[in-house]
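The block underneath contains the structure these notes are about, expressed in structure tokens.
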Amino acid sequence: MTTFAIQDDFMLNGQPVKLISGALHYFRIVPEYWQDRLEKLKNMGCNCVETYIPWNYHEPKKGQFDFSGRKDVARFVRLAQALGLWVILRPTPYICAEWEFGGLPAWLLADDSMRVRSTYQPYLDAVDAYYAELFKVIRPLFFTHGGPVLMCQIENEYGCCGGLDGEEGEAHMRVLTNLALD
């Protein structure tokens, strides 16, 4: 069984490991090119690939989830594993990444009081519903289940690009962390 820990170094199976990662966003590449692009990443000397998971790509309409075809993030991750790459997933509600509305679904704005990236309960309920579906897909890919995913990013650019500072910002981060862990 693979073990991974973060100490002074990243530790893989009790040994320090340098993760050399490149970003490759599966949602920007047709699946027919995934292997070619992952091989090129590996040939550059990377042993890890990082990708966002845009919420609005997988739930364009409230309650309608799609993780198939070119949206099959699990297939992308398994392909990375087959090529000997570790994976860092970024399933944050907000990805930025020069992606429409930072990856947040536009249907959130049907609520006139919506406060995204906050502790506003309807926002957190929507994140929770998304995570419930998303984590069914990605949980089996974690290293604890024999997969290549070593780490996940909980939020992106929070505090500098639309996130809240202070106690509410910290509360938001705690809630997102707990939703992901649940």
G146 backbone acceptor or donor facing Q81 side chain under 3.5 Å: yes
Spacing of D9 atom CG and K18 atom NZ [to the nearest 0.5 Å]: 5.0 Å
Under the side chain to side chain contact (heavy atoms under 4.5 Å, CB included) criterion, do Y52 and W99 qualify, and how do the steps go? CA-CA 10 Å; Y52 289 113; W99 191 255; over 6 Å; no
Evaluate the side-chain proximity of I29 to L24: yes if any heavy-atom separation is below 4.5 Å, no if none is. yes
ILVMFWY cluster, I20 and M11 together (side-chain gap under 4.5 Å): no
Considering only residues two or more places apart or on different chains, which pairs with a residue in residues 20-32 satisfy side-chain hydrogen bond (donor to acceptor under 3.5 Å, both in side chains)? H25-R28, Y26-H58
R115 bridged to E168 by N-O distance under 4.0 Å: yes
Taking side chain to side chain contact (heavy atoms under 4.5 Å, CB included) as the test, write out the residues that go with V149, two or more places apart. V77, V87, L89, L141, F142, C152
Between the side chains of Y120 and D111, is a donor N or O closer than 3.5 angstrom to an acceptor N or O? yes
Do N43 and E39 pair up side chain to side chain, a donor and an acceptor below 3.5 Å, judged on atom types alone? no
Which distance, rounded to the nearest 0.5 Å, do you find between the CD of Q121 and the CG of D128? 9.0 Å
Would you indicate whether E100, at its atom CD, is surrounded by more than 12 heavy atoms from other residues, nucleotides or ligands within a distance under 6.0 Å? no
How about Y94 and W55: are their ring centroids closer than 6.0 Å? no
Please name the pair of heavy atoms, one in L85 and one in P148, separated by the smallest distance, quoted to 0.1 Å. O-CB, 3.6 Å
To the closest 0.5 Å, what do you measure between CG (L181) and OH (Y131)? 10.0 Å
Spacing of CD belonging to Q64 relative to CD belonging to E133, to within rounding of 0.5 Å: 12.0 Å
Applying side-chain hydrogen bond (donor to acceptor under 3.5 Å, both in side chains) to W107 and N56, what does each step give before you reach the verdict? CA-CA 9 Å; W107 54 259; N56 60 6; over 6 Å; no
Minimum-distance pair of heavy atoms, taken over all atoms of P91 and F135: CG-CZ, 4.4 Å
In Å and rounded to the nearest 0.5 Å, what is the NZ to CG distance from K40 to L38? 11.0 Å
Here the pair of heavy atoms bringing C96 nearest to N156 is CB-ND2, 3.8 Å
Looking at N47, is its backbone amide N or carbonyl O close enough to the side chain of K42 to form a donor-acceptor pair, meaning the two atoms are under 3.5 Å apart? no
Enter the distance from E157:CD to I95:CD1 here, rounded to the nearest 0.5 Å. 10.0 Å
Determine, stepwise, if the pair V30 / R70 fulfils side chain to side chain contact (heavy atoms under 4.5 Å, CB included). CA-CA 6 Å; V30 294; R70 71 180 289 165; 3.6 Å; yes
Which heavy-atom pair separates L41 from G22 by the least distance, and what is that distance? CD1-CA, 3.6 Å
Over 60° means perpendicular and under 30° means parallel, so classify the ring planes of F76 and W34, tilted if in between. perpendicular
Please tell me if the side chains of L176 and P93 come closer than 4.5 Å, counting only heavy atoms from C-beta onward. yes
Is the shortest side-chain heavy-atom distance between P105 and K62 below 4.5 Å? no
Looking only at heavy atoms, which two atoms of A129 and F65 are closest? And how far apart? O-CZ, 3.9 Å
Run T51 and R90 through side chain to side chain contact (heavy atoms under 4.5 Å, CB included) and show every step you take. CA-CA 6 Å; T51 191; R90 299 171 81 180; over 6 Å; no
Does the side chain to side chain contact (heavy atoms under 4.5 Å, CB included) test come out yes or no for I53 and I138, once each step is laid out? CA-CA 10 Å; I53 301 175; I138 65 174; 4.1 Å; yes
Remaining members of hydrophobic cluster (4.5 Å side-chain criterion), I6: F4, F10, L12, V17, L19, W86, I88, F143, L150, M151
Closest non-hydrogen atom pair, H172 against L124: ND1-CD2, 4.4 Å
Please check if L79 and Y33 belong to a single hydrophobic cluster, counting links between Ile, Leu, Val, Met, Phe, Trp and Tyr side chain heavy atoms closer than 4.5 Å. yes
